[in-house]
Structure formats: structure tokens, C-alpha cells
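Here, residue 1 is the first one in the sequence, and each next residue gets the next number. These figures come from a predicted structure and were not determined experimentally.
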Amino acid sequence: MSIRTQNITKIYGTQVVLDKVTFDINKGEVVGLLGPNGAGKSTLMKIITCFIPPTSGEAFVDEMEVMSHADEVKKKVGYLPENNPLYLDMYVKEYLMFIAGIHKLGNASKKRVGDIIGITGLGIEQNKKIGMLSKGYRQRVGLAQALIHDPDVLILDEPTSGLDPNQLVEIRNLVKEIGKEKTVMLSTHIMQEVEAVCDRAIIIHQGKIVADDRTINLSTLKTRDIVTVEFGSPVNEKQLRSISGVLKIEKTGENTWRLLSREGEDIRPTINKFVIENKLTLLSLQREEQKLEEVFQYLTKEN
């Protein structure tokens with residue numbers, strides 16, 4: 001596995017930011033870490049990139065535990081933080097040579113910087129000061145510094161935040177191209193980002209993983225159902241949780257509920273069984289098909 005986490009938990013004071021987060025990402029995957037602001041995405045990325053320790057649990061990069069092998073892990077990981085910190089008074093090429101020096105590339109620095117400038121499309125801007133660049137080109141510089149040491153794993157935190165539509169397309173295409181050769185994990189709360197770039201999405205909400213699937217499955221809901229049920233008399237949430245295969249429950253009316261199924265399960269027969277066993281009246285049962293954006297909103301809705 002390129003990235004693996006086991007029960008990662010992070011607590012600040014009394015606030016649980018991450019709660020037993022566990023997943024594997026294989027070599028060559030482009031995975032979107034999806035969630036609303038404050039879900040714990042950036043914290044998780046900082047743990048994987050050795051910037052902060054977890055309260056409990058472990059994270060691994062190429063089977064190396066990140067806190068006990070931090071120096072080795074940093075050689076294998078390229079990281080673009082959300083705020084993309086850059087030295088604005090430095091020239092693009094000068095800055096990248098500086099970063100190459102930090103990574104101790106030695107005599108290979110000049111060639112590597114030239115290659116990365118070509119890969120990230122910075123050729124026409126390489127002799128400008130970073131402070132003079134548009135945000136789109138600054139993001140390219142951030143990607144260039146993350147790639148300079150040819151890492152196996154690339155971690156990108158909100159790589160398209162604040163970009164205009166043209167810049168969005170450029171950066172997305174660049175990330176897609178990079179993902180052909182490297183393992184990429186990027187965080188975002190933009191559904192289109194995931195659909196355009198990622199093979200798989202992990203949705204995180206209030207520090208917990210609420211969905212982990214191939215993007216195409218999440219987009220088309222071929223493996224999950226949302227069923228709206230109306231009963232003839234009151235039913236409480238505790239009763240509904242006894243229905244086999246139900247992942248999440250939402251009350252939408254006096255006796256009306258929306259039920260999200262677990263992956264690969266058709267909950268309609270178990271709902272009918274529940275109705276018969278509890279001697280209830282079923283007024284309606286309707287299966288909905290949702291798109292990724294609607295799935296995200298449903299899974300991350302505040303209770």
C-alpha cells in the first residue's frame with residue numbers, strides 16, 4: 001500500500017477532530033478526500049506528511065510508520081498545503097533551485113528544475129518573481145515544489161481553491177497527468193473536482209469516514225439506494241435502525257423517512273418485512289437515484 005491508516009484519532013482538548021480513521025490507498029490511485037470545511041481533511045493530511053502526530057492510531061507510507069520514520073517518509077511524499085506558502089520575493093526558477101537544495105539533489109538540481117518547469121507549464125513564467133504571478137501560476141509553483149524530489153506519493157490540500165474556471169481546468173488536467181505515474185491524494189469539498197480527477201473518493205464528516213468507494217459508484221449510486229418511506233402511523237428512529245442494511249436515517253415529515261442503504265444492499269424487502277412484523281401501514285415506498293453532490297450533502301448533513 002502507498003498510504004495506509006489504522007484507527008487514526010486526533011483530539012485537541014475536548015474536540016475529536018479525527019475518530020478512528022482507517023483506509024488503504026494503493027500505488028497509482030488518485031483519491032479524493034472529500035468533506036465539508038472542518039471535517040478533518042487537513043489534519044489527516046498533516047499527520048500523513050509527518051507535520052503533526054496523531055493522538056492514537058498509526059499512518060504508513062510505503063509501509064513505513066510516519067512518526068517513527070519521518071525522514072524517510074518525507075523523501076517519498078510531496079505536499080502542497082492549503083495556503084501554499086511561497087517566498088514571493090524570489091524568482092520562480094530561483095525558488096525551485098532553493099527547494100532542490102533543501103532536498104539535497106546536488107548536481108542533478110539544474111536538470112530536475114528544468115524538467116519540473118516543463119511538466120508544470122511554468123516555462124514562460126520562470127524568470128518572474130512569484131509575487132507577480134496569478135494565483136493559477138502560484139499553484140503551479142506549489143505543485144512544482146511538491147514534485148521537485150520526484151516523490152512516489154503526492155498529497156494536495158485544496159489545490160484549486162480560489163482559482164477561476166480556466167485555472168481550475170489547467171490544474172485539474174495537470175493533477176490528472178501526474179496521477180498516471182504517482183499515487184495522489186487530494187482534499188476538496190468540490191464535487192466536480194472529484195468527478196473530473198479522482199478514481200475514488202473518501203468522504204469524511206465530523207472526523208469519521210462516511211463513504212469510501214470508486215467515484216463512478218458514488219456518482220451513479222449503483223451500489224447504494226436512498227428510499228423514502230411514509231408510514232400510516234408514527235415510527236421512531238430506534239425502530240428503523242433495526243432494519244437490516246440501513247446506513248443512515250433522516251426524518252423528512254411527520255411519518256416520512258429517508259433511508260440510505262449500505263453498499264450493495266437493496267433494503268426494500270427488509271422494509272416490507274419490518275412493516276409486517278410491526279403491524280404497520282405502508283403508505284408509500286420510493287427508491288431515489290442520487291448524484292455525487294446529493295450523496296455528499298446527505299452524508300454530511302448536520303444532525
Side-chain angles (χ1 to χ4, degrees), residues 2-3 5 8 10 12 17-18 21 23 25 29-52 59 61 74 77-88 99 120-122 130-131 133-148 151 153-179 182-212 215 218 292-293 295-297 299-300:
S2 286
I3 303 173
T5 68
I8 287 290
K10 185 64 179 178
Y12 291 110
V17 180
L18 295 170
V21 172
F23 61 82
I25 297 177
E29 281 191 288
V30 180
V31 176
L33 183 62
L34 201 57
N37 292 330
K41 304 186 300 295
S42 294
T43 299
L44 180 59
M45 289 185 156
K46 288 174 183 176
I47 290 172
I48 294 170
T49 52
C50 314
F51 277 85
I52 60 174
V61 172
K74 287 176 183 177
V77 175
Y79 178 43
L80 175 61
E82 182 180 4
N83 59 355
N84 191 13
L86 298 168
Y87 292 110
L88 302 184
I99 297 297
T120 54
L122 285 166
I130 295 173
L133 301 179
S134 68
K135 181 149 188 184
Y137 275 106
R138 290 190 194 185
Q139 289 296 86
R140 288 174 183 265
V141 175
L143 280 170
Q145 67 79 26
L147 289 165
I148 198 75
V153 176
L154 195 60
I155 307 288
L156 309 175
D157 195 353
E158 303 281 1
T160 61
S161 176
L163 302 186
D164 67 35
N166 291 332
Q167 294 168 340
L168 278 172
V169 172
E170 291 170 0
I171 297 299
R172 285 175 185 171
N173 288 340
L174 180 55
V175 171
K176 237 180 156 179
E177 194 64 29
I178 292 167
K182 301 183 184 298
T183 302
V184 180
M185 182 180 189
L186 66 92
S187 77
T188 183
H189 53 269
I190 303 170
M191 304 307 106
Q192 295 88 341
E193 196 98 308
V194 176
E195 291 173 321
V197 176
C198 301
D199 309 311
R200 171 181 157 204
I202 297 172
I203 301 179
I204 188 169
H205 179 50
Q206 295 179 343
K208 295 182 180 181
I209 292 177
V210 294
D212 181 356
T215 309
L218 288 170
L292 180 57
E293 186 168 359
V295 174
F296 173 81
Q297 289 172 346
L299 288 171
T300 61

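- Sorted by first and then second residue, the salt bridge (charged side-chain N to carboxylate O under 4.0 Å, His left out) pairs with a member in residues 155-168 form an empty list; sequence neighbours excluded.
- For the pair Gln145 (side chain) and Gly142 (backbone), a donor-acceptor distance under 3.5 Å is present.
- When all heavy atoms of Val153 and Ser2 are compared, the closest pair comes out as CG2-CB, 4.1 Å.
- The line from CD1 of Ile178 to CG of Asn173 is 11.0 Å long, rounded to the nearest 0.5 Å.
- Not a single salt bridge (charged side-chain N to carboxylate O under 4.0 Å, His left out) links Glu82 to another residue, sequence neighbours left out.
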Just do the side chain to side chain contact (heavy atoms under 4.5 Å, CB included) check on Arg140 and Leu133 with the steps written out, would you? CA-CA 10 Å; Arg140 288 174 183 265; Leu133 301 179; over 6 Å; no

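- Side-chain contact between Leu34 and Thr188 is present, with heavy atoms from C-beta onward closer than 4.5 Å.
- Distance check, rounded to the nearest 0.5 Å: CD1 of Ile171 to CG of Leu156 gives 10.0 Å.
- For the pair Gly78 and Pro151, the tightest heavy-atom approach, listed with the atom from each and the gap, is N-CB, 3.4 Å.
- Residues passing the side-chain contact (heavy atoms from CB on, under 4.5 Å) test with Ile52 are Lys10, Tyr12, Thr43, Lys46, Ile47, sequence neighbours excluded.
- Although no hydrogens or angles enter the test, the distance criterion places no donor-acceptor pair under 3.5 Å between the side chain of Arg200 and the main chain of Val31.
- Closest non-hydrogen pair, Ala201 versus Val194, comes out as CB-CG1, 3.8 Å.
- Residues satisfying the side-chain contact (heavy atoms from CB on, under 4.5 Å) criterion with Pro165, sequence neighbours excluded, are absent altogether.
- A search for side-chain hydrogen bond (donor to acceptor under 3.5 Å, both in side chains) contacts involving Thr120 returns nothing, not counting sequence neighbours.
- Here Arg172 pairs with Glu193 under the side-chain hydrogen bond (donor to acceptor under 3.5 Å, both in side chains) rule; sequence neighbours left out.
- In this structure, Tyr79 OH and Leu154 CG are separated by 11.5 Å, a value rounded to the nearest 0.5 Å.
- The ring pair (Phe, Tyr, Trp, His ring centres under 6.0 Å) test applied to Phe23 returns no partner, not counting sequence neighbours.
- Between Pro159 and Ser187, the shortest heavy-atom distance links the atoms CD-O, 3.6 Å.
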Pair Ile155, Val77 - check side chain to side chain contact (heavy atoms under 4.5 Å, CB included), show working. CA-CA 7 Å; Ile155 307 288; Val77 175; 3.8 Å; yes

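- Judged purely by atom type and a 3.5 angstrom limit, Lys41 has no side-chain atom pairing as donor or acceptor with the backbone of Leu186.
- Rounding to the nearest 0.5 Å places CD1 of Ile202 at 8.0 Å from CG of Leu44.
- Within the 4.5 Å cutoff, the side chain of Ile3 has no heavy atoms near those of the Glu29 side chain.
- To the nearest 0.5 Å, atoms CD1 (Ile130) and CG (Leu86) are separated by 5.0 Å.
- Scored by the salt bridge (charged side-chain N to carboxylate O under 4.0 Å, His left out) test, Lys208 finds Asp19 as partners (sequence neighbours excluded).
- With sequence neighbours excluded, the residues satisfying side-chain hydrogen bond (donor to acceptor under 3.5 Å, both in side chains) with Gln139 are Asn84.
- Remark: Asp199 engages Val30, Arg214 in a side-chain contact (heavy atoms from CB on, under 4.5 Å) (not counting sequence neighbours).
- Among residues two or more places apart in sequence or in another chain, the side-chain hydrogen bond (donor to acceptor under 3.5 Å, both in side chains) test is passed with Lys182 by Asp150.
- Residue Thr215 comes nearest to Cys198 through the heavy atom pair OG1-O, 3.0 Å, listed as atom of the first residue, atom of the second, then distance.
- Closest heavy-atom contact between Leu18 and Gly40: CD2-O, 3.5 Å.
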